[in-house]
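Reviewing the structure listed below.
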Amino acid sequence: MDVRRLDRTTLKHENGLDAQRLLPWPALNAPFEGSWCVIAPGTASTPPAHREHEIFTAVAGGAVLESEGEQADFRAGDVVYFPPGVEHRVVNKAETAFEMYSVWWDVQMSHRFAVRHHGEG
């Protein structure tokens with residue numbers, strides 16, 4: 001077992017939120033990447049549209065998802081999927097931080113995983 005601990009003192013501000021990326025993690029060979037994300041009260045993530053598939057899992061608090069002109073409440077326990085090329089952002093209108101975990105992947109990541117995995121065999 002190799003536990004990766006959240007270290008809030010090393011969160012890096014990127015894409016309008018504070019994050020701790022899953023990789024690099026020498027013990028992990030995965031076809032995806034991930035990040036613990038904290039969105040401060042009264043702020044929002046930047047609205048990216050990128051080539052990766054992405055899933056957000058809400059962990060603590062509540063926020064609002066915005067994507068392609070739609071809005072939806074997003075609370076602890078909820079999961080949302082964004083396909084490649086779809087602009088999206090998370091808006092935290094609350095007085096407390098909103099926390100979520102993001103996982104993303106694309107064909108290139110899957111291919112690199114397959115190459116590394118085959119090399120482990």
Side-chain angles (χ1 to χ4, degrees):
M1 180 182 330
D2 189 352
V3 176
R4 178 81 183 254
R5 304 277 181 210
L6 174 62
D7 182 355
R8 293 178 186 278
T9 65
T10 64
L11 294 176
K12 180 180 175 186
H13 193 74
E14 57 186 12
N15 302 317
L17 51 83
D18 297 321
Q20 177 180 312
R21 291 191 177 237
L22 177 65
L23 300 176
W25 185 356
L28 181 66
N29 177 24
F32 58 85
E33 293 188 23
S35 183
W36 182 271
C37 304
V38 179
I39 301 165
T43 67
S45 62
T46 56
H50 41 72
R51 71 176 192 272
E52 298 92 1
H53 298 263
E54 190 164 31
I55 290 175
F56 294 164
T57 301
V59 177
V64 175
L65 295 169
E66 293 182 348
S67 179
E68 300 192 318
E70 293 183 47
Q71 290 188 346
D73 289 338
F74 192 45
R75 295 181 296 273
D78 293 347
V79 179
V80 64
Y81 165 70
F82 297 104
V86 173
E87 192 171 280
H88 54 279
R89 74 180 192 149
V90 180
V91 180
N92 184 358
K93 298 177 182 181
E95 295 181 10
T96 58
F98 174 74
E99 301 191 22
M100 65 180 195
Y101 200 84
S102 172
V103 176
W104 63 93
W105 67 96
D106 63 15
V107 172
Q108 291 82 10
M109 287 180 201
S110 298
H111 177 72
R112 289 191 302 269
F113 164 75
V115 168
R116 288 189 310 264
H117 187 70
H118 182 68
E120 292 175 358

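Predicted model only: the values in this text are computed from it and were never measured. Start at 1 with the first residue, then count along the sequence.
- Summarising the geometry of A97 relative to P41, their closest heavy-atom pair is N-CG, 3.8 Å, with the distance given to 0.1 Å.
- Within the model, atoms CG of D106 and CD of E52 stand 5.0 Å from one another, a figure rounded to the nearest 0.5 Å.
- No side-chain N or O of W105 forms a donor-acceptor pair with one of E33 less than 3.5 Å apart.
- Shortest non-hydrogen contact noted between A30 and R116 is O-NH2, 3.1 Å.
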Exercise for review: Would you please test L28 and D2 for side chain to side chain contact (heavy atoms under 4.5 Å, CB included) and show each step?
Suggested key: CA-CA 9 Å; L28 181 66; D2 189 352; over 6 Å; no
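- Under the 4.5 Å side-chain contact rule for hydrophobic residues, V86 and V103 do not share a cluster.
- Remark: D78 pairs with no residue by the side-chain hydrogen bond (donor to acceptor under 3.5 Å, both in side chains) rule, at least two apart or across chains.
- Here NE2 of H53 is found 8.0 Å from OG of S110. Values are rounded to the nearest 0.5 Å.
- Proximity of a side-chain donor or acceptor of H13 to a complementary backbone N or O of L11 within less than 3.5 Å is not detected.
- Proximity of V90 to L65: side-chain heavy atoms (C-beta onward) are separated by under 4.5 Å at one or more points.
- Checked for salt-bridge contact, R5 and D7 miss the test: no charged N lies under 4.0 Å from a carboxylate O.
- A63 approaches V91 most closely through the heavy-atom pair CB-O, 3.2 Å.
- Once rounded to the nearest 0.5 Å, the distance linking CD of E99 with SG of C37 reads 10.0 Å.
- Of all heavy-atom pairs between R89 and A44, the closest is NH1-CB, 3.6 Å.
- When ring centroids are compared, F113 and F32 stay outside the 6.0 Å threshold.
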Check your understanding: Checking side chain to side chain donor-acceptor pair (under 3.5 Å) for the pair W36/D18: CA distance, chi angles, key distance, verdict?
Key -> CA-CA 8 Å; W36 182 271; D18 297 321; over 6 Å; no
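- Closest of all the heavy-atom pairs between V38 and R8 is CG2-NH1, 4.0 Å.
- At a threshold of 4.5 Å between non-hydrogen side-chain atoms, the residues R75 and D73 count as touching.
- Here the side chains of N15 and S45 are not in contact, with every heavy-atom distance at 4.5 Å or above.
- Residue V80 is grouped with residue I39 when hydrophobic side chains (ILVMFWY) are merged at heavy-atom distances under 4.5 angstrom, including chains of intermediate members.
- Annotation: side chain of R21 is not in contact with side chain of K12 (no heavy-atom distance under 4.5 Å).
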Check your understanding: So S35 and L22, side chain to side chain contact (heavy atoms under 4.5 Å, CB included) or not? Walk me through it.
Key -> CA-CA 5 Å; S35 183; L22 177 65; over 6 Å; no
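- R4 CZ to Q20 CD: the interatomic distance, rounded to the nearest 0.5 Å, is 5.5 Å.
- At a threshold of 4.5 Å between side-chain heavy atoms, the hydrophobic network of Ile, Leu, Val, Met, Phe, Trp and Tyr places F98 and V79 in two separate groups.
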Practice item. Test side chain to side chain contact (heavy atoms under 4.5 Å, CB included) on E54 and S102 and set out the steps. Key: CA-CA 7 Å; E54 190 164 31; S102 172; 2.7 Å; yes
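- Partners of Y101 according to the ring-ring contact (aromatic ring centres under 6.0 Å, His included) rule, which considers only residues two or more places apart in sequence or in another chain, do not exist here.
- By the 30° and 60° cut-offs, the orientation of the rings of F56 relative to F82 is perpendicular.
- Around the NE2 atom of H50, the shell of radius 6.0 Å holds more than 12 heavy atoms that belong to other residues, nucleotides or ligands.
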Practice item. Take M100 and T57 through the side chain to side chain contact (heavy atoms under 4.5 Å, CB included) test and state the conclusion after the steps. Key: CA-CA 5 Å; M100 65 180 195; T57 301; over 6 Å; no
